[in-house]
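Protein chains get the first letters and strands the later ones, always in sequence-line order, with residue 1 at the start of each.
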Amino acid sequence: MDYIPHTQDEIKKMLEVAGASSVDELFSEIDKSFFSDSFLLPEGKSELEVFEIFKNLAAKNNTSLVNLSGAGFYDHYVPAVVDKLASRSEFYTPYTPYQPECSQGTLQAIYEYQTLICRLTGMDISNASLYDGGTALAEAIIMALRITGRQKVIIDSAVNPIYRDIVETYLDSRLYQVINVDCPNYQTDKDKILSLLDSQTAAVVLQNPNFFGRIDDYSDLIEDIHKAGSLAVISVYPVSLGLVKPPALMGADIVSGEAQCLGNRLNFGGPFLGFIATREKYMRQLPGRIAGATKDSEGRRGFVLTLQAREQHIRRHKATSNICTNQNLCALRALIYLVSLGKFGFQELAKTNYFKAQFLRQSLSEIDKIKIDSDYPIFNEFVIELASGKKIYQTALERGFIAGVPLAKFYPEMTNKFLLCATEKLSREVILRFKDTLKGILEKKHEVNIRTI
Amino acid sequence: MKLIFELSKEGRSGFKLPKLDVPQASLPSSELLGCEPPDLPQVGELELVRHYTNLSKLNYSLDSHFYPLGSCTMKYNPKISESIAELEGFSFLTPNLSLTEAGFSYIQGAFSVLFQLERLLAEITGMDRFTLSPLAGAQGELAGMLIARAYHQKKNNKKKYVIVPDTSHGTNPASVSMAGYEVIPIPTASDGQMDIEIFKEKLTDETAAVIMTCPNTLGIFNTRIKEICEAAHSKDALAYYDGANLNAILGKIKPGELGFDIVHLNLHKTFAAPHGGGGPGAGPLGVSPKLTSFLPGYQIIKGREGKYILSQKASDSIGRLAPFFGNFSVLLKALVYILVLGKEGLRKVSDFSVLNANYILKSLKNHYQVPFERKCMHECVVSAENHKDKGVTALDIAKFIIEEGMHPPTIYFPLIVKEALMIEPTETESKDVLDKFIFSMKKAAELAAKSPEKLKLAPFGRRFDQARAARERNLVYKKR
């Protein structure tokens with residue numbers, strides 16, 4: 001099957017105009033030897049056949065497991081309005097709104113999105129979005145390097161390790177020095193950071209809640225960061241901002257994060273949604289697209305892409321970033337999601353996540369063989385330690401639960417430690433069932449039939 | 001239209017959570033908390049639905065309007081891809097299951113999608129292996145440049161420069177800079193191809209790579225492309241194929257067989273995943289055998305009993321570009337597209353995209369300047385320079401096309417053509433649609449000659465003031 005509408009008669013007429021006797025002749029300037037003689041590709045199929053193939057593949061993925069994993073990628077409920085509105089093809093089939101007179105839908109949505117990112121974070125300005133939380137953090141750090149003209153970056157190890165990997169890939173190690181600071185007891189080592197802070201430090205990079213779910217107030221630390229002439233870059237989990245102190249109130253200079261949690265599905269890892277926001281004075285250092293309000297020739301309000309002199313299609317090798325588009329459809333979903341919840345719905349959501357996580361933590365702490373490290377303040381995630389992690393994790397999967405994220409994957413010394421998350425989707429009943437399941441596995445672990453991998 | 005903030009009323013709501021079924025634990029200490037919840041709009045669900053439904057109607061989109069935006073390959077996005085990507089088995093799947101071997105059993109369908117797509121893209125382009133990680137074409141380019149850098153570092157090559165023709169997309173030089181190389185731009189010769197003499201002069205032992213978009217942004221296929229790749233290899237520079245314009249040669253020519261070492265693709269262009277109003281895209285990167293050890297992320301491979309598992313990280317890997325395996329649902333849509341079209345369908349893509357572009361080019365040549373008089377590939381560039389004496393610019397033509405109910409071509413690009421209009425019709429448009437566009441373009445040319453002031457009023461007497469936006473920098477709504 002293909003999507004080509006041409007009739008034989010039309011092809012003939014078009015070739016006449018094009019001055020060629022056949023379609024092949026249109027390629028006649030290209031040397032024959034350039035053409036490949038073999039493409040080992042399947043024959044085309046009908047829609048019905050293709051749908052069957054993918055229905056079967058989808059059935060080989062298990063989405064009925066109870067998901068207690070987050071670690072940056074959260075399983076929140078997505079209201080139906082988000083799917084229905086974002087699947088309007090007037091939104092999903094255009095491209096970047098270069099021509100404002102026929103793109104006001106996209107442009108106004110970007111402007112509304114930028115406004116909401118600022119209201120969430122407390123910052124002055126936002127761009128139209130970036131790929132994901134990790135690349136957004138990398139762009140935030142590159143911004144800080146450019147603003148300060150310095151070469152050193154200090155990163156708290158409690159920043160999402162996946163983001164830190166991406167940052168490391170983005171920053172040229174020949175030019176910049178990146179120092180990771182350990183976080184004993186899952187807490188930012190502020191003294192250690194202060195001891196490393198010097199006149200070459202461009203930025204200190206923090207995350208709140210941190211990767212282990214701990215929430216903190218970085219206001220004092222940021223004061224010291226500023227005294228050293230450095231910038232504070234904070235990655236945040238947007239849902240937490242319904243409850244937790246916003247980064248602007250702590251003095252952050254650049255805020256980034258992953259906004260998948262706002263109305264975007266997990267999609268096996270993407271597309272996700274990176275956001276970045278900053279102080280007004282750093283406006284010209286922001287990467288990516290930005291929408292701004294203007295007027296038309298008759299004085300009516302409208303929106304355009306603006307401050308484009310920062311961007312690759314104008315500045316080429318001197319651009320603030322190589323990014324071309326934003327992550328527009330995902331940003332639209334986040335916008336509709338936030339509007340759908342509204343001021344008090346969003347607050348209630350954040351509190352519900354907090355209460356569910358507290359209840360989960362409390363319930364699991366009643367099991368003897370689970371060690372819950374300390375009673376640090378959390379938003380909706382926390383760390384537990386099991387007697388024998390790997391087997392228990394696998395058995396829990398077999399019984400229908402994703403028992404968090406194994407921390408040893410990212411922190412080799414954290415054997416048998418798991419990061420657990422509770423969202424509004426977990427009911428009391430499911431939490432208690434998880435507790436009983438885990439308890440059962442831990443108590444009878446020798447009888448469990450471990451499936452070989 | 002009003003902004004959503006202007007519709008907000010204190011106390012209105014369209015959202016309800018289930019009744020809290022767990023105890024209300026005490027909140028963290030107050031210095032950790034915000035004083036007040038973020039000031040999100042308070043509207044009912046119907047108001048929200050009307051607002052965004054009406055907003056959507058202000059867009060020209062591919063589904064509603066012809067959209068010949070050059071170099072963006074705005075082809076039809078099949079609905080089957082959307083339906084499949086929405087299946088719960090894909091869209092609700094957490095990537096966290098890929099973090100342990102125990103989890104692999106629960107994600108075999110997703111792994112199969114990635115495995116199949118990787119093999120098919122390698123076959124289509126003639127490359128050895130692909131990484132599906134890059135989240136967009138521009139990130140694919142960055143990955144390619146980082147691989148070039150790692151390759152040269154490993155061989156202790158002293159490299160400083162990357163050669164880029166002056167017709168290239170802006171992302172090319174920007175990606176080169178991000179990887180720490182300097183750009184050497186090469187001018188275009190009178191045949192519309194990169195000036196090969198100047199190229200050979202600038203190509204030295206310090207050249208790290210040569211980035212070629214082929215056909216280039218003028219819609220011209222470089223007939224000496226093999227020679228260029230060979231010359232690059234003679235200096236141990238890598239030949240990089242920017243796949244932005246792969247649509248022109250799909251199913252006919254494999255960049256790998258022309259001598260390219262690195263290829264990035266834009267799945268939202270060539271493989272019909274929707275553009276989303278500007279993202280999300282996907283920019284997989286393919287490499288030749290000598291570069292596979294530098295690939296980022298992980299590969300999906302077949303383990304025992306045909307079960308899909310993750311490979312080890314490549315030995316010289318440049319690291320990580322994406323949280324997991326790239327923009328999975330975009331990758332999925334591309335796989336659906338490839339399976340629907342199959343071998344024959346993919347070849348027809350290049351046939352008919354090239355036929356459509358040539359039909360437009362020949363139809364417009366008496367009304368606009370044609371900077372390079374030769375056959376074009378999947379897109380063509382004409383210039384409004386011949387209307388400049390009446391004060392008419394490419395921008396005016398574009399605005400008139402909006403008034404005619406179509407999205408305009410790309411304008412002022414490539415930079416080397418004055419008053420450029422870059423037209424890419426794609427293969428999915430019918431002759432009727434092209435004829436309507438050609439008619440409107442001719443009408444614009446006639447107006448330019450007879451009453452240019454009418455073009456200045458397009459579209460519909462309301463043009464937005466870009467300068468005002470840049471001056472006022474109103475990027476965020478503030479309550480009055």
What option among A138(B), G319(B), G14(B) has the most heavy-atom pairs under 4.5 Å with chain A?
A138(B)

Atom CD of E168(A) with >12 non-hydrogen neighbours under 6.0 angstrom:
no

Based on non-hydrogen pairs under 4.5 Å, which of H169(B), K362(B), M178(B), K254(B) is most in contact with chain A?
K254(B)

Chain A heavy atoms under 4.5 Å from F221(B): which part of the residue, side chain, backbone, both or neither?
side chain

Cut-off 4.5 Å, heavy atoms of chain A, and the answer for K16(B) is neither

OG1 of T223(B) to CG of D31(A), rounded to nearest 0.5 Å, is 8.5 Å

Can you tell which part of L321(B) gets under 4.5 Å to a heavy atom of chain A, answering side chain, backbone, both or neither?
both

Which atoms of Y76(B) are under 4.5 Å from chain A, going by heavy atoms: the side chain, the backbone, both sets, or neither?
side chain

Side chain / backbone / both / neither for L142(B) at chain A, heavy atoms under 4.5 Å
both

Are the aromatic ring centres of F413(B) and H313(A) under 6.0 angstrom apart?
no

Are Y67(B) and Y95(A) close enough that their ring centers fall under 6.0 Å?
no

Please check if any side-chain donor atom of Y111(A) sits under 3.5 Å from a side-chain acceptor atom of N474(B), or the reverse.
yes

Does any heavy atom of chain A fall under 4.5 Å from the side chain of I402(B), the backbone, both, or neither of them?
side chain

Quick one: does NZ or CZ of R119(A) land under 6.0 Å from the six-membered ring centre of F5(B), within 45 degrees of the ring axis?
yes

With a 4.5 angstrom heavy-atom cut-off, which part of E429(B) approaches chain A: side chain, backbone, both or neither?
backbone

Reference residue L475(B); test side-chain contact (heavy atoms from CB on, under 4.5 Å); the match among D124(A), T306(A), T115(A):
T306(A)

Under 4.5 Å from a heavy atom of chain A, the part of P408(B) involved:
side chain

